[in-house]
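This report concerns only the one structure given below.
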Amino acid sequence: MKLKWKPKKLTLVIIPDTTQSVVRFRISHLSAYIAAACFSLLMLISITIYFLHAHTVKQASDLQTKLSGVNQQWSATLTSKNEAIEQLQNEVIQLSQQAEQMKTKVEEVKKLESDLKSIAGIDHEPSNVAIASTNSEGKAKKDANQPTVGESPPSTGVGGSPNPVSQEIILKLGQDTLASFSALNGEVQELQTNLVQTKQKVADKQEQLRITPTLWPTSTKVVTSPFGYRSDPFTKIPSYHSGIDFGAHENDPVYATAAGKVVSTGKDIYHGNNIVIEHSKGLRTWYMHLNKILVNKGDSVEKGGKIGLVGSTGRSTGAHLHYEVLKNGESVDPKPYLKSIRKDDN
Ligand SMILES: [Zn+2]
C-alpha cells in the first residue's frame with residue numbers, strides 16, 4: 001500500500017442560531033497545531049505573569065508588615081525619648097530651685113561667719129551680700145529671670161501659646177543653673193578660705209585672751225581701795241596705790257587672772273606672802289598679803305587656777321587681796337583688764 005501525503009483539513013462549524021446560516025471554516029492540521037501551540041504559549045505566559053504578580057504582592061505585604069513594625073518601634077522610642085526629655089526638664093527645674101536654696105544657705109553661712117567674727121571681736125566687716133540676696137528687689141529680679149515649678153514661664157511664641165515650658169527656656173534655665181552652681185562653688189571655696197582664716201583668728205584671740213589677765217582674782221567683786229592716789233590707811237597722808245584691794249574673807253581662794261608662769265613667790269614685811277606671774281612678754285600680775293601660797297616658782301598656771309589663799313600678811317589692816325598688773329615693769333590700773341569672771345562664779 002502506498003501512502004500519499006494528503007493534507008487533511010479540519011472543519012470548524014459555527015451555528016449562530018436557527019434563523020441564520022451556518023458558518024464553516026476549514027483549516028489545515030498545521031494551522032490547528034500552530035494555533036494550539038500559540039494558545040499553550042499564551043497560557044504559559046499568563047500563568048508565569050500570575051505567579052510573578054502574586055510573588056510581588058506577597059513581597060509588598062511583607063515589606064508593609066516590616067515597615068509597620070519599625071514604625072511602632074520608632075513610635076515607642078520617640079515616646080520613651082519624650083518622657084526622658086520631660087523628666088530631664090523637670091530635673092533642670094529642680095536643680096534650679098536647689099541652686100537658689102544653696103545660695104540662701106551660703107549667705108546664711110556667710111552671715112554666721114560674720115557673726116562669729118563680731119562675737120570674737122576680730123576685724124568685723126558687716127556683710128551686705130546676704131541682705132542684697134533676700135531683699136524684695138533681688139527677689140523680683142530672680143522671679144523675672146528664672147521660672148519655677150508651679151508658675152507659667154514667659155512665652156516666647158507669637159499669639160500667646162499655652163505651651164507651659166519651651167525648649168529654649170529649659171535650655172537657658174539649665175545654663176543659668178550651671179552658672180549658678182559654678183558661682184556657688186567659687187563662693188563656697190572663698191567661704192572655706194575665710195572660715196579657715198577666721199578659725200585661726202579666733203584661735204589667736206583665744207590664746208591672747210588666755211594670757212591676758214581679764215579674770216577677777218577673787219570670787220568677791222568688792223573693791224575696798226581702787227588704783228590711784230589715796231590717803232594712806234596707816235599714815236593717812238596722800239599716797240599712791242599701785243593696785244586694787246579686793247575685800248575678802250580669810251582663806252578665800254585667789255585665782256590666776258591669766259595663764260602664765262610663776263616667776264617669784266616670797267614674803268616680806270610690806271607685801272606679805274606674795275606671788276608674781278608672768279603671762280606674756282612684758283605683762284605680769286602680782287598677788288599680795290596672802291595667808292598661804294599654793295604654787296612654786298617656775299610653775300605654769302592656767303587662767304582661773306587657784307594659786308593662794310586670802311590673808312592679811314605684810315602691811316595690811318585686814319584680810320584682803322592687793323592685786324597689781326605690771327606692764328613692762330610699771331604698775332597700771334588693773335580695772336580695764338577685769339572683764340570676765342570664772343565660769344563657776346556664776
Ligand atoms: Zn593695796
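All values reported here derive from a predicted model rather than from experimental measurement.
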Notebook entry, point to check: Between Asp62 and Lys66, is there a side-chain N and carboxylate O pair less than 4.0 Å apart?
Noted result: no

Note to self: Could you check whether any side-chain heavy atom of Arg284 comes within less than 4.5 Å of a side-chain heavy atom of Glu324, counting everything from C-beta outward?
What the structure shows: no

Note to self: So Tyr323 and Pro213, do their side chains get closer than 4.5 Å, heavy atoms only?
What the structure shows: yes

Margin query: Assigning hydrophobic clusters by single linkage (Ile, Leu, Val, Met, Phe, Trp, Tyr; side-chain heavy-atom cutoff under 4.5 Å), is Ile307 placed with Val276?
Written below: no

Note to self: Under a 3.5 Å distance rule, please check whether Ser182 uses its side chain to pair with a backbone N or O of Leu178 as donor and acceptor.
What the structure shows: yes

Check: Once the angle between the rings of His322 and His289 is folded into 0 to 90°, is it parallel (under 30°), tilted (30 to 60°) or perpendicular (over 60°)?
Finding: perpendicular

Margin query: Within the 3.5 Å criterion, strictly below it, is a donor on Tyr287 or Thr257 matched to an acceptor on the partner's side chain?
Written below: yes

Note to self: Using modelled atom types and a 3.5 Å cut-off, is there a donor and acceptor pairing between side-chain atoms of Ser61 and backbone atoms of Val57?
What the structure shows: no

Item checked: Polar side chain donor-acceptor pair, Gln208 to Asp204, under 3.5 angstrom -> no

Notebook entry, point to check: Are the side chains of Lys105 and Val109 in touch, meaning some heavy atoms are under 4.5 Å apart?
Noted result: no

Note to self: Is it true that His241 and Ser225 share a donor-acceptor pair across their side chains at a distance under 3.5 Å?
What the structure shows: yes

Check: Counting only N and O atoms by type, is there a donor-acceptor contact under 3.5 Å from the side chain of Lys267 to the main-chain atoms of Leu290?
Finding: no

Check: Does Ser96 reach the side chain of Asp176, with side-chain heavy atoms less than 4.5 Å apart?
Finding: no

Item checked: Glu113 and Lys117: CA distance, side-chain angles, deciding distance, salt bridge (charged side-chain N to carboxylate O under 4.0 Å, His left out) verdict -> CA-CA 6 Å; Glu113 192 222 354; Lys117 281 184 177 173; 3.6 Å; yes

Next item on the list: Count the heavy atoms of every other residue, nucleotide or ligand shown that sit under 6.0 Å from NE2 of His29, and state whether that count exceeds 12.
Entry: yes

Next item on the list: Start with the C-alpha distance between Glu207 and Arg210, add both sets of side-chain angles, then the distance that settles salt bridge (charged side-chain N to carboxylate O under 4.0 Å, His left out), and finish with yes or no.
Entry: CA-CA 5 Å; Glu207 176 57 18; Arg210 195 178 75 87; 3.0 Å; yes

Next item on the list: Flag yes if more than 12 heavy atoms outside Gln64 fall under 6.0 Å of its CD atom; otherwise flag no.
Entry: no

Checklist line | Exercise: identify the closest heavy-atom pair between Trp216 and Tyr255 | finding: O-CD1, 4.4 Å

Next item on the list: Step through the shown structure and confirm whether more than 12 heavy atoms of other residues, nucleotides or ligands are within 6.0 Å of CD on Glu250.
Entry: yes

Check: Looking only at heavy atoms, what is the nearest atom pair of Ser21 and Pro16, with distance?
Finding: O-CD, 3.6 Å

Next item on the list: Kindly indicate whether the side chain of Thr265, heavy atoms from C-beta on, has any atom under 4.5 Å from the side chain of Asn273.
Entry: no

Next item on the list: Tell me, yes or no, whether the heavy-atom count around Lys261 atom NZ, taken from other residues, nucleotides or ligands under 6.0 Å, exceeds 12.
Entry: no

Checklist line | Residue pair Ile244 / Leu338: nearest heavy atoms and the distance that separates them | finding: CD1-CD1, 4.4 Å

Margin query: Assess whether a salt bridge exists between Lys111 and Glu107, defined as any Lys/Arg side-chain N lying under 4.0 Å from an Asp/Glu carboxylate O.
Written below: no

Note to self: Using the rule given for salt bridge (charged side-chain N to carboxylate O under 4.0 Å, His left out), can you reason through Lys103 versus Glu100, listing the C-alpha separation, both sets of side-chain angles and the distance that settles it, and then say yes or no?
What the structure shows: CA-CA 5 Å; Lys103 273 186 196 169; Glu100 287 302 313; 3.4 Å; yes

Check: If you draw a 6.0 Å radius around CZ in Phe39, do more than 12 non-hydrogen atoms from other residues or ligands fall strictly inside?
Finding: no

Checklist line | Ala248 backbone acceptor or donor facing Thr220 side chain under 3.5 Å | finding: no

